[in-house]
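Down below is the structure, laid out as structure tokens.
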Amino acid sequence: MLRVGARGTRTQGSSFLSSSRFTGVTAAAAARFCPAARSQTLGLVGRYSSSTTTTAVEGGKLTQEEVDNQNKHANVLRLVNAYRTYGHFDAALDPLGRRQRGAPEGVLDAARYGLGNEEVQLRGLFFGLDKEKASVSEIVDALKKTYCSSVGVEFTHVENPEEQTWLARRFEAAMGRTATGATAQNALPAEDKKRILNLLQTSEEFDHFLHTKFRAVKRYGLEGCESMMACMDTIFSKAAESSFDEAVIAMPHRGRLNFLTGILRYPASKIFAKVSGFNDFPTVEGAGKNLHVSLIHNPSHLEAANPVAQGKVRAKQDLGKGRKQALCIVVHGDAAMSAQGVVPETLTLSQLPEYAVGGSMHVVVNNQIGFTTECHKGRSSWYCTDVLRSVHAPAIHVNADDPEAVVIATRLAMDYLTTFRKDIIVDLHGYRRHGHNELDEPSFTQPLMYDSIRVRPTIAKLYGEKLIKEQVVTEEEAKAIKDQARQVLDKEFAESQKAQPTVDTMGGKWQKMTAPQDMTKPVDTGYAEEELVKVGVASINPQGKTVHSRLQNFFCKPRQAKLESKTGLDWATAESLAIGSLLLEKYNVRLSGQDVGRGTFSHRHVALTDQKTNERVIPLNLMSSDQGKLHVADSPLSEMAVMGFEYGYSMEDPSTLVLWEAQFGDFHNGAQIIIDQFLNSGEDKWWRQSALTLLLPHGYDGAGPEHSSCRIERFLQLCDGDRLNPGDISNLVPNMQVINPTTPANYFHALRRQMKRSFRKPMVVVGPKTLLRHPQAVSDLAEMAPGTSFQPVIADTTVSPAHGKVYYDLVKHRETKKIDDVAIIRVEELSPFPYRALADELDKYRNADSYRWAQEEPQNAGMWDYVAPRFSRLSAPVKLVSRPASAAPAVGLGSIHAQQQKAILDGAFA
């Protein structure tokens, strides 16, 4: 918990918030500034004549003087627009003075637009001067101070004219100079300047202290971009002033420790203890207005936490918070932002109905280098922020050596976000004083850059000297800030030497959850049959909407008939029964993925579309006025960002079951980082539970190597369950569950079990494709009644273990060949491995002469390498029957596939 005091800050006039057009501008001139066409900027670089055809007006023609004035007026607007579009290229953004692009030649020259030094009417064309008339030289001087100082802004690519106008007004008012040449209209008061100095000097002292006490430790300090502290402080202050009461932050490691101690008030003693080897998971509190802050744990895949943060924010908003009450803040490094694909994937979600969070506040800690790669070799665009142009997000670039400009820019950015609920970026151009980390020697690769850095005073020193010169503080006061910071750190360090390891147990919505317990213990997940019938009928009742005739005849009516008979329920029906029963128990369910409303295989139809109005309806949300909510989120063609989003969503509330379905099982490949860094290890690393459930269609049907296999072997390799205690199989608590159910009833129980336990665990469902409509892959309603539960092992009459879809092929083969001395045991759950259930079943067949493990996947894939040593523990030597080892998951020819499938069936019964 962070409580930030809501400090009064000077804001712009209210007229800037509501105005949607420039006043006093001719229609033609205004259209050049805010056109609907994308070619707006093309008109800004041409040479314009001071003469034009006279224009007919009411009752006659304009005089030549009026025509000349109109043309001058239009040409001034073209000049102003040129600065709005290209001025940022001339801004002094690099504190090292090494990198500046410069605007296109002549584009910022008044003469290019037919202007001399005459006095012209401003009439609302430019808002950096507070006078009706000004000379061209005055205007140019004000434009340079506004758009080419230590701040550069990009907003003319924004599509919405109202947003463009708002940004022009607010930015020019914030950064422009008055006619008398005074400071900016919203120049910071002395108290704000003192606060900035305190933040900078405290951050610098913290890094110096760590360097003194922990010389051999990489700390990824903030030195060279300490202005980030002023930026983040401003974000929280503006959030506290507005309607936000929660914030979720994703940020990489640079400056993270400074941020924890300097902004979130996390005790430095705990940082020191952690560096010394203790583990601790904090709850952070401060003073002032309540602003609950969640800092997302971040792996070394620097941008991977971005969608996780957005998902957590959306969950807060969906679960009772309004769009404006939970703020998403994303801190980027410059090199990672422009290079890592999860960034544009996540941006794609920003305005989508089921993923939007009302805009994210993006902050770039711009080091102008990525590890040892300079920016001109690390990206093809000039700015690292250009990737955000894809969603028309404005970008404000600031020289980090000007912390006051950082605060002004951040205030403007937050005002934009709260007004339009869209993404915006503050790009802090700084540097790294000690290279990639404090143990590197950066001059190996950037000698000239670090020649400049080593002789450059720190930001804190430069700003302190500035305030002393302005008589805002005295030398003694500036020194006292540093001394006080050092005294606090000395005290905290002494406390750290007495620290004991502590663990932050689950709180808030999670306080009723327990630590994971034996996951092989059965959980009664049955539900009253008559209630399930009602749920099933409700799932196909669109309540007055017109359903497609084919769905009515081949989906709705057959489901109704099967529900009435309580037999022959297919996969999709069992899924709807599981979801609907959870909703009635006031759990929420979120189903996300590509085409999930209909289902990849046109099997689900949990969302129906009115054929007359195109209105979408989710029947399961219409069962009762007092039920949970089903969110059906048809996602974009993204895996990494969407799965990360859903993981973040699942972390927020244990009463929400979050399902992510891959269009085909192998599509999870695109989200492997989320699986590796968050899903399978998040609880071990951070003590954070998640019940995110992956639905991965899997099964060999001769279609070729793509989409046959979900690569179940990869998930099993990540499972740690019984490897921690290889001698103990009585209390298995793996990091995640992997199941391969073969019946709709087992799938029903698996989904309900996710919510009915007292703890949460991720689950991977290696689900079917052909079984979705297989006549034998059906269940009776009695299999879902009270007293029933998930079956990790489904028994048969002999001794050959098998799994998955291949079970039905084996049954058919056995019947065809009239084999009566071989039984098939289905292993439905792989993690946790069902030792006891298998041992009980195999004990019935002590006289069996052989065991076979039959799998469709090649020898070097599938489950074999995982199950073989576990069968050995059961003293059940099992031989493999599978496809031969292969680099690809499956062959590409149907004839070869059929030969291989036949060989598996023959081998299983040999």
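Counting from 1, the numbers follow the sequence of the chain as shown. Excluded from the calculations below are hydrogen atoms, water molecules and symmetry mates; all remaining heavy atoms, backbone and side chain alike, are included. On a predicted model such as this, the values are computed, not experimentally measured, just so you know.
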Between [Y] and [X], is there a side-chain donor-acceptor contact under 3.5 Å, judged purely by atom types and distance?
X	Y	answer
Glu172	Thr146	no
His88	Asp90	no
His429	Gln368	no
Glu492	Ser269	yes
Ser150	Asp402	yes
Asn258	Asp207	yes
Gln487	Asp490	no

How about [atom1] on [X], more than 12 heavy atoms from neighbouring residues, nucleotides or ligands closer than 6.0 Å, or not?
X	atom1	result
Glu470	CD	yes
Lys144	NZ	no
Glu441	CD	yes

Of all the heavy-atom pairs spanning [X] and [Y], show the shortest one and how long it is.
X	Y	value
Leu327	Val313	O-CG2, 3.9 Å
Val364	Met337	CG2-SD, 3.5 Å
Ile196	Val407	CD1-CG2, 3.5 Å
Ser360	Gln310	OG-NE2, 3.4 Å
Pro252	Asn298	CA-ND2, 3.6 Å
Ala91	Val151	CB-O, 3.8 Å

Option from Lys422, Arg170, Arg411, Glu163 for which side chain to side chain donor-acceptor pair (under 3.5 Å) with Tyr416 holds: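 So, applying the side chain to side chain donor-acceptor pair (under 3.5 Å) to Tyr416 and each of Lys422, Arg170, Arg411, Glu163, only Glu163 qualifies.
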Pairwise distance [atom1]([X]) to [atom2]([Y]) - rounded to 0.5 angstrom:
X	Y	atom1	atom2	answer
Leu96	Asp451	CG	CG	11.5 Å
Met229	Phe259	CE	CZ	8.0 Å
Asn366	Ile425	CG	CD1	12.0 Å
Gln100	Cys148	CD	SG	8.5 Å

Side chain to side chain contact (heavy atoms under 4.5 Å, CB included) with Pro344: which of Leu388, Val387, Val391?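 Result for side chain to side chain contact (heavy atoms under 4.5 Å, CB included) with Pro344: Val387.
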Please identify which of these residues, Ile396, Val426, Ile424, Leu417, meets the side chain to side chain contact (heavy atoms under 4.5 Å, CB included) condition with Leu412. Ile396
Salt bridge (Lys or Arg N to Asp or Glu O under 4.0 Å) between Arg389 and Glu154, intermediate numbers included: CA-CA 9 Å; Arg389 281 176 166 258; Glu154 296 179 275; 2.8 Å; yes
Between Asn367 and Gly333 (side chain of the first, backbone of the second, donor and acceptor by atom type, cut-off under 3.5 Å), is there such a pair? no
Polar side-chain atom of Ser443 near backbone of Gln446 as donor-acceptor pair, under 3.5 Å: no
Dump the intermediate steps for side-chain contact (heavy atoms from CB on, under 4.5 Å) on Arg254 and Met228, then the final yes or no. CA-CA 10 Å; Arg254 186 162 306 284; Met228 185 199 83; over 6 Å; no
Check whether NZ of the Lys or CZ of the Arg Arg688 lies under 6.0 Å from the centre of the six-membered ring of Trp510 and within 45 degrees of that ring's axis. no
Flag side-chain contact, heavy atom, 4.5 Å: Gln201 against Lys461: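 Heavy-atom side-chain distance check fails, nothing below 4.5 Å.
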Taking the side chain as C-beta and beyond, is there a heavy-atom pair between Ile249 and Phe236 under 4.5 Å? yes
Taking the ring of Trp686 and the ring of Phe678, is the distance between their centroids below 6.0 Å?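 Distance test on ring centres: under 6.0 Å, yes.
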Taking the ring centre of each residue, are Phe214 and Phe209 less than 6.0 Å apart? no
Sort and list the pairs that fulfil ring-ring contact (aromatic ring centres under 6.0 Å, His included) and have at least one residue in residues 431-456, not counting sequence neighbours. Tyr220-His436, Phe371-His436
Test log, rule side-chain contact (heavy atoms from CB on, under 4.5 Å), inputs Glu204 and Leu222: CA-CA 8 Å; Glu204 183 176 271; Leu222 195 53; over 6 Å; no
Ring pair (Phe, Tyr, Trp, His ring centres under 6.0 Å) for Tyr355 and Phe645? Distances and angles first, verdict last. CA-CA 8 Å; Tyr355 299 90; Phe645 187 100; 5.0 Å; yes
Evaluate Met251 against Val365 for side-chain contact (heavy atoms from CB on, under 4.5 Å), listing each step before the verdict. CA-CA 10 Å; Met251 72 177 299; Val365 178; over 6 Å; no
